[in-house]
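As structure tokens, the structure follows; a few thoughts come after it.
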Amino acid sequence: MSSTETRSSFGATAPPFIDYLKDILRGYPDGGQILKELIQNADDAGATRVVFIHDERNYGHESILTDEFGKYQGPALFAFNDARFTSEDWQGIQATGRSFKRKDPNKVGRFGIGFNSVYHITDVPWILSSDHLAVLDPHEKLFGQGHGGYQWSLADNKDQESLKTFEDQFRPFQNIVEHLVQKQWTEVLEDQHFDGTLFRFPLRKEISKISDNLYNSDKVGNLFVSFIADAELCLLFLKNVQSVSLIHVMTDSSVNVMLEVTSSCSEGAVLESRDGSIIKSSTNFKDITVTSEDREETKNWLLTTCCLKEGNVQKVDSLAEKLCFLPQVDLAFPCGQNNDSGNSRLSCFLPLPNNESHKTGLPLYVNASFGLTNNRREIKWQEEDQKQDECAMWNELLVKEVLPQAYLVILKDAIELSKNSELPLSSVYDIWPDFAQLEHKEKWHSVAKNVLQCLFRENIAVLSLAADEKIFVCPLEAVLPCDSSTSPKVSAAIQNILISCGDNLVKIPERVERAIEMAYPHPESLKRVTPTFLRTILHKTDLQNVTKEEKVSLLEYVLSDGTYEELQGLPLLPLSDGTFRSFTNKAEDVAFIDSQDFPRSLLPGCKHLFIPQDLSTTCQTHLKTLATRDIFNVINIDADKVTELAKRSS
């Protein structure tokens, strides 16, 4: 082909911007996630306050820029935060989908793809912040072809004149600004500056090229309801935002504050990692208060933040640098609540969707800089189709290398707080993983086992003494309690005798017992309360000051395994006169057991030698069995014995 011949152009081309937006919206579902994205952007900007306002009012059409703007003068969703746009932010919001914070591991999604989820609601987002007011117009209808928006400068005289002249056009901002910051619109213009950021998203009333999703008051209401379900969790792991409000402004300008969520660090100790540790950590309490039209509720959380220091895991270091992620895991435990591990979820700074894939079965809420799918709704894992995906590899490393460290920290810090009476012992044990909740959750079962194996390898004092719950001992020094099938009355008697003997009896819930069975390297090496163990203790103990009721309870337990020979010499054999004999073959230690066929009434002179009638059925059954073995002077009464004793007494 001649070099002078005309060639058709060839090369990859970018899709039209509208098509690009439509693709984003297909991946980003409509709903409460939209509000979460805006909160995340505000948190990245350093904002402490976020307010969403559903404004149902319609505004005038007389003094607007052009007639085309008239369709956007109706109801809108406003989103306010108290941080100001920087010049980089103004660039970022124009570069749709190209987040300007990818190189900052402390920021998650500032004006990246997630921000564009607002196009579910609107065709023309407005932004007022610092010294500018702007509107984005992807359809390029408002200002002509080739103009995807416009920006007014509050400091420019010509722009100031427009902002004052087109009064109806900018009245929506005027009304909301006055409500939010108690400042007149004229003052903002005079100051040439707005101290915060205010978005306005006029609700889509007709199908557009971007979306056929029409928005009305009901849909905004559903948006708010969807967010309210996760409202408390939304402030749990954010770095800066301390309050989020939902407000409804009706057509008559009446204002209804639907919800306010606030967070604050509680008074109390802040525990930090020691020098020399491979992690940098801190643990503190955080209060989350939810106030709505019909309730106000404050919940207290124990929050641990743990970041792996550079230079300890090479693969983590290299991926952290490449992906611009922090090797950090945060854990939150709801204090003083009926803690249901089935409710605990994963977060990536904001809670991920409430579905089974994000429920760990652990008693803690887990937050991390996870690598997410494009729609930011799922965590990537190293499954068959993404073994080499670096985000998936990163997530697996977080779970394997950082999460166990964070879990150890919160367990250890909880113990310290319990010693100082800042956290109930029950909460300390509730932080332990419950393997009953992890049966079908392989990944989190493995994490829990790894955590506990690390804990036990360090031989840390993690079990609280029954005698003094502020004193903790390591498992090897502890005496584990009898199993849960033992009655509370018997368990209490055993506890009292072991405490009086100075044994390190610990009192632990079933979940901790299961954890020890599952993860302790040699569980058979641990001391446990068993009938044999208790008999050994009782043989060395003076039982003179033990009450009658407790002796009977102790007897029930030491009989329970049927090893009757080991009762030799124990003064636990009760008689109906309230005294106790020892288990021996001596004549003075005789005890009789009657039956329906041979009642004690047949031997009125020997009534005091019979075992009590109010002994538990379990005790009576064991003693009757013991009597058949001819070990001690315990006798089941029969015809021959009645005849012998009757002759002896006559």
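Worth saying up front: this structure is predicted, and the values here are computed from it rather than measured.
Every residue two or more places apart in sequence or in another chain that forms a ring pair (Phe, Tyr, Trp, His ring centres under 6.0 Å) with Phe170 is listed here: Trp152. Here Asp252 pairs with Met250, Ser254 under the side chain to side chain contact (heavy atoms under 4.5 Å, CB included) rule; sequence neighbours left out. Qualifying ring pair (Phe, Tyr, Trp, His ring centres under 6.0 Å) partners for Trp444, counting only residues two or more places apart in sequence or in other chains: none. Contacts of Thr291 classified as side-chain hydrogen bond (donor to acceptor under 3.5 Å, both in side chains), with partners at least two apart in sequence or in another chain: none. Considering only residues two or more places apart in sequence or on other chains, Val181 meets the side chain to side chain contact (heavy atoms under 4.5 Å, CB included) condition with Phe80, Val177, Lys183, Phe194. In terms of the side chain to side chain contact (heavy atoms under 4.5 Å, CB included) criterion, residue partners of Pro75 (sequence neighbours excluded) are, by chain and number, Asn58, Leu203. The side chain to side chain contact (heavy atoms under 4.5 Å, CB included) test applied to Ala332 returns Leu236, Phe237, Trp301, Leu303, Tyr365, not counting sequence neighbours. For Thr289, the side-chain hydrogen bond (donor to acceptor under 3.5 Å, both in side chains) partners are Thr298, not counting sequence neighbours.
Asn81 places a side-chain N or O within 3.5 Å of a backbone atom of Ala83 that can act as its donor or acceptor partner. Side-chain atoms of Gln73 never come within 3.5 Å of backbone atoms of His61 as a donor-acceptor pair (strictly under, hydrogens ignored). Listed for the Asp82 side chain is a donor-acceptor partner under 3.5 Å among the backbone atoms of Thr48. In this structure, the side chain of Ser281 does not engage the main chain of Thr305 through any donor-acceptor pair within 3.5 Å. Using a distance-only test at 3.5 Å, with no hydrogens or angles considered, no donor-acceptor pair links the side chain of Asn256 to the main chain of His248. The backbone N or O of Thr373 sits nowhere less than 3.5 Å from a side-chain atom of Glu378 that would complete a donor-acceptor pair. The backbone N or O of Gln192 lies less than 3.5 Å from no partner atom in the side chain of Asp131, so there is not a single donor-acceptor pair.
Side-chain contact, Gln91 with Asp89: no donor N or O sits under 3.5 Å from an acceptor N or O. One side chain, Thr283 or Asp413, offers a donor N or O that lies under 3.5 Å from an acceptor on the other. Between the side chains of Gln33 and Glu37, at least one donor N or O sits under 3.5 Å from an acceptor N or O. When only modelled atom types and interatomic distance are considered, Asp159 and Ser153 share no side-chain donor-acceptor pair under 3.5 Å.
Residues Ala414 and Ile431 approach most closely at CB-CD1, 3.6 Å, considering heavy atoms. Across every non-hydrogen atom of Phe349 and Gln40, the tightest pair is CB-OE1, 3.3 Å. Closest non-hydrogen pair, Pro433 versus Pro363, comes out as CA-CD, 4.0 Å. The nearest pair of heavy atoms linking Lys286 to Leu238 is NZ-O, 3.8 Å.
For CD of Glu297, the number of neighbouring non-hydrogen atoms (other residues, nucleotides, ligands) closer than 6.0 Å is greater than 12. Lys205 NZ: more than 12 foreign heavy atoms inside a 6.0 Å radius. Annotation for Glu310: atom CD does not count as buried by contact number, only 12 or fewer foreign heavy atoms lying within 6.0 Å. Applying the 6.0 Å contact sphere to CD of Glu321 captures no more than 12 heavy atoms from other residues, nucleotides or ligands.
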Return a table of donor-acceptor pairs under 3.5 angstrom between the side chains of residues 216-231 and protein atoms on other chains or two or more places apart.
residue, atom, partner, partner atom, Å
Asn216, OD1, Asp218, N, 3.1
Asn216, OD1, Lys219, N, 3.0
Ser217, OG, Glu56, OE1, 2.4
Lys219, NZ, Asn213, OD1, 2.4
Lys219, NZ, Leu214, O, 3.3
Asn222, ND2, Asp218, O, 3.4
Ser226, OG, Gly32, N, 3.2
Asp230, OD1, Arg345, NH1, 2.9
Asp230, OD1, Arg345, NH2, 3.4
Asp230, OD2, Lys36, NZ, 3.0
Asp230, OD2, Arg345, NH2, 3.1

In residues 258-265, what donor-acceptor pairs under 3.5 Å come from side-chain atoms, sequence neighbours left out?
none

Walk me through it: do Lys441 and Glu356 pass the test salt bridge (Lys or Arg N to Asp or Glu O under 4.0 Å)? CA-CA 10 Å; Lys441 297 181 180 291; Glu356 281 303 312; 3.5 Å; yes

Where do Phe173 and Phe199 land on the ring pair (Phe, Tyr, Trp, His ring centres under 6.0 Å) test, with the steps shown first? CA-CA 9 Å; Phe173 282 97; Phe199 296 95; 9.9 Å; no

Show your working on salt bridge (Lys or Arg N to Asp or Glu O under 4.0 Å) between Arg84 and Asp195 and close with a plain yes or no. CA-CA 6 Å; Arg84 297 182 298 273; Asp195 194 15; 2.6 Å; yes

Quick one, Tyr215 with Thr122, criterion side-chain contact (heavy atoms from CB on, under 4.5 Å). Give me CA distance, side-chain angles, the key distance, then yes/no. CA-CA 8 Å; Tyr215 246 78; Thr122 191; over 6 Å; no

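For the pair Val316 and Leu308, the minimum side-chain heavy-atom distance is below 4.5 Å. With contacts defined as side-chain heavy-atom distances shorter than 4.5 Å, the pair Lys315/Leu397 qualifies. In this structure, Tyr119 and Leu136 have side chains that are in contact, with non-hydrogen atoms separated by less than 4.5 Å.
A salt bridge does not link Lys158 with Asp156: every distance from a Lys NZ or Arg NE/NH1/NH2 to an Asp or Glu carboxylate oxygen is 4.0 Å or more. Remark: Lys71 engages Glu68 in a salt bridge, criterion side-chain N to carboxylate O under 4.0 Å.
In this structure, Tyr59 has its ring center at least 6.0 angstrom away from the ring center of Tyr72.
Atom CD1 of Ile39 is separated from atom CG of Asp44 by 12.0 Å, given to the nearest 0.5 angstrom. Interatomic distance, CD1 of Ile127 versus OG1 of Thr197, reported as 9.5 Å (0.5 Å rounding). Taking CD from Glu190 and CG from Leu154, the interatomic distance works out to 12.5 Å, rounded to the nearest 0.5 Å. The CD1 atom of Ile64 sits 7.5 Å away from atom CG of Asp168, with the distance rounded to the nearest 0.5 Å. One finds the CD1 atom of Ile279 at 7.5 Å from the NZ atom of Lys309 (value rounded to the nearest 0.5 Å).
With Pro202 as the partner, the side-chain contact (heavy atoms from CB on, under 4.5 Å) test is satisfied by one option alone out of Leu77, Ile121, Val124: Val124.
Legend: side chain to side chain donor-acceptor pair (under 3.5 Å) pairs involving residues 390-407, not counting sequence neighbours, sorted by first then second residue: Lys322-Glu390, Glu396-Lys443. Contacts classified as salt bridge (charged side-chain N to carboxylate O under 4.0 Å, His left out) and involving residues 114-127 (residues at least two apart or in different chains) are given here: Asp123-Arg204.
No cation-pi contact links Lys380 to Phe370, judged by a cut-off of 6.0 Å to the six-membered ring centre and 45° from its axis.
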